[in-house]
Amino acid sequence: MMEKKLLSIQKLCAWYDRKKPVLSDFSLELAEHEVVGLIGLNGAGKTTFLKVLSGVHEGFCAEQLVMDTHAVDFSDRAFQRQRYTVFAEDASFSYFTFREYLTYVCKVYGVAQPDISELVAGFHFGEYTDVLMKDLSMGNRKKVFLITAFALKPRLLLLDEPVNGLDFASTEYLYQLMAGYREHGTLLFSSHILESITLTCDRVLVLEEGRIRESFSQGEIDAAGIREALVV
């Protein structure tokens, strides 16, 4: 049984060139406290959709956007404070250290600074907390945003290709955090790695040519079935 509905998106279209939409007639409902994976071939629209939800892609329109039974605008401050996004690559805040960035984010979201010791240890990040982000490797930059995300525990957490650039131990730790996120809120993430989908999700959505073509729920989620859906 589906939990209380968190977000409903009906007939969304998104584009870079309006004559060539990346997403077309795209509809999706997310429940409170579920982990949902988006999977699809390159160009299917996964990253574009997450950018729309994150308020950083302006080329879109939708018939209906509803959160908690109320119409919502993805660029509204009230909505922004309920979601946090970790992008596949992010070169922002290069002259912040992790600690400075976390302090800044907590002020923006209006929350007290959380205890991050367990997350820092889990991602093996202890020696990098006071290093400028411009001097970090791609994987350690990714950890800055992942640690911040799981420390904030927003109602809606968005991750774009979350394991890209991570070492094996950090990837395993991330899977634990993702699978357990339903205790705190709703997690929606994109991935091209089947392992990340099968180990963490309550639902898997197969995206093809800008639409959700197939959906798998608990008990149906297995690598063979999803792989077959991708290549058909």
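Throughout, numbering of the chain's residues begins at 1 and tracks the sequence.
The hydrophobic cluster containing M133 does not contain M138, counting ILVMFWY residues as joined when their side-chain heavy atoms lie under 4.5 angstrom apart, directly or transitively. In the hydrophobic cluster analysis, where Ile, Leu, Val, Met, Phe, Trp and Tyr join through side-chain heavy atoms closer than 4.5 angstrom, Y101 is grouped together with F125. A single hydrophobic cluster is not seen to contain both L132 and V105; linkage of ILVMFWY side chains at heavy-atom distances under 4.5 Å, directly or through other members, places them apart. Each of W15 and L23 belongs to its own hydrophobic cluster when Ile, Leu, Val, Met, Phe, Trp and Tyr are linked at side-chain heavy-atom distances under 4.5 angstrom. L156 and V72 fall within the same hydrophobic cluster, defined by Ile, Leu, Val, Met, Phe, Trp and Tyr side-chain heavy atoms under 4.5 Å apart, directly or through other members.
Put simply, the side chain of F87 does not reach to within 4.5 Å of the side chain of S92, judged on heavy atoms. At least one side-chain heavy atom of L28 sits less than 4.5 Å from a side-chain heavy atom of F49. Taking the side chain as every heavy atom from C-beta outward, L7 and L53 approach each other to under 4.5 Å. Side-chain contact between S8 and E29 is present, with at least one heavy-atom pair separated by less than 4.5 Å. Put simply, the side chain of F26 does not reach to within 4.5 Å of the side chain of V52, judged on heavy atoms. Taking 4.5 Å as the limit, every side-chain heavy atom of H57 sits out of range of all side-chain heavy atoms of T47. Taking the side chain as every heavy atom from C-beta outward, V56 and T85 never approach each other to under 4.5 Å.
The CD1 atom of I147 sits 11.5 Å away from the CD atom of E118 when rounded to the nearest 0.5 Å. The CZ atom of F189 lies 3.5 Å from the OG1 atom of T200; values are rounded to the nearest 0.5 Å. Here the CG atom belonging to L38 is positioned 6.0 Å from the CG atom belonging to L50, to the nearest 0.5 angstrom. Interatomic distance, NE2 of H184 versus CG of L152, reported as 12.0 Å (0.5 Å rounding). To the nearest 0.5 Å, atoms CG (L102) and OG1 (T148) are separated by 5.0 Å. One distance of note links CD of Q176 with OG1 of T171; it measures 11.5 Å at 0.5 Å rounding.
Note: Y181 and F150 have perpendicular aromatic rings, judged against thresholds of 30 and 60 degrees for the angle between ring planes. Using bins of under 30°, 30° to 60° and over 60° for the plane-to-plane angle, the ring pair F93/Y104 lands in the tilted bin.
Heavy-atom minimum distance, K143 versus D167: NZ-OD2, 3.1 Å. Listed here is the closest heavy atom pair of Q80 and S75: NE2-O, 3.2 Å. Of all heavy-atom pairs between R83 and L158, the closest is CD-CD1, 4.1 Å. The heavy-atom pair separating A14 from T48 by the smallest distance is CB-CG2, 4.0 Å. Between C13 and D25, the shortest heavy-atom contact is SG-N, 3.6 Å. Taking all atoms of both residues into account, the shortest heavy-atom contact from R213 to E208 is NE-OE1, 2.8 Å.
In this structure, the side chain of K46 does not engage the main chain of L207 through any donor-acceptor pair within 3.5 Å. Side-chain atoms of S24 do not come within 3.5 Å of backbone N or O of P21 as any donor-acceptor pair. Within the 3.5 Å criterion, the main-chain N or O of L205 finds no donor-acceptor partner in the side chain of S215. Side chain of T186 to main chain of H33: a donor-acceptor pair is present (N/O by atom type, distance under 3.5 Å, no hydrogens or angles). Although no hydrogens or angles enter the test, the distance criterion places a donor-acceptor pair under 3.5 Å between the side chain of K142 and the main chain of N164.
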Next item on the list: Given side-chain contact (heavy atoms from CB on, under 4.5 Å), test Y175 with V163 step by step and report yes or no.
Entry: CA-CA 9 Å; Y175 287 161; V163 304; 3.6 Å; yes
Checklist line | Trace of the side-chain contact (heavy atoms from CB on, under 4.5 Å) decision for F123 with L174 | finding: CA-CA 8 Å; F123 280 110; L174 176 59; 4.2 Å; yes
Note to self: Determine whether Y173 and L119 satisfy the following criterion, side-chain contact (heavy atoms from CB on, under 4.5 Å), listing intermediate values before the conclusion.
What the structure shows: CA-CA 9 Å; Y173 180 62; L119 289 165; 3.6 Å; yes
Next item on the list: Give the intermediate values and the outcome of side-chain contact (heavy atoms from CB on, under 4.5 Å) for residues F96 and V144.
Entry: CA-CA 11 Å; F96 279 46; V144 167; over 6 Å; no
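Residues R99 and D130 are paired through a salt bridge, judged by an N-O separation under 4.0 Å between the basic side chain and the carboxylate.
The local environment of CD in E209 is sparse, with at most 12 non-hydrogen atoms from other residues, nucleotides or ligands closer than 6.0 Å. For E172, the CD atom sits in a packed shell: over 12 heavy atoms of surrounding residues, nucleotides or ligands are nearer than 6.0 Å. No more than 12 heavy atoms of other residues, nucleotides or ligands lie within 6.0 Å of OH in Y95, so this atom counts as exposed by the packing criterion. The environment of NZ in K11 is sparse: at most 12 heavy-atom neighbours from other residues, nucleotides or ligands sit within 6.0 Å.
Screening I212, L41, I39 for a side-chain contact (heavy atoms from CB on, under 4.5 Å) involving V206 leaves a single residue, I39. Results of the side-chain hydrogen bond (donor to acceptor under 3.5 Å, both in side chains) test with D160 over S191, S190, S54 single out S190 as the only residue that passes.
Here the two rings, on Y84 and F145, have centers that are 6.0 Å apart or farther.
The salt bridge (Lys or Arg N to Asp or Glu O under 4.0 Å) analysis of residues 100-110, with sequence neighbours excluded, yields no pairs.
With sequence neighbours excluded, no residue satisfies side-chain hydrogen bond (donor to acceptor under 3.5 Å, both in side chains) with Y109.
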Identify every side-chain donor-acceptor pair in residues 60-71 under 3.5 Å, counting partners at least two apart or on other chains, and give the distances.
from	atom 1	to	atom 2	distance (Å)
D68	OD1	R155	NH2	3.0
D68	OD2	R155	NH1	2.6
D68	OD2	R155	NH2	3.3

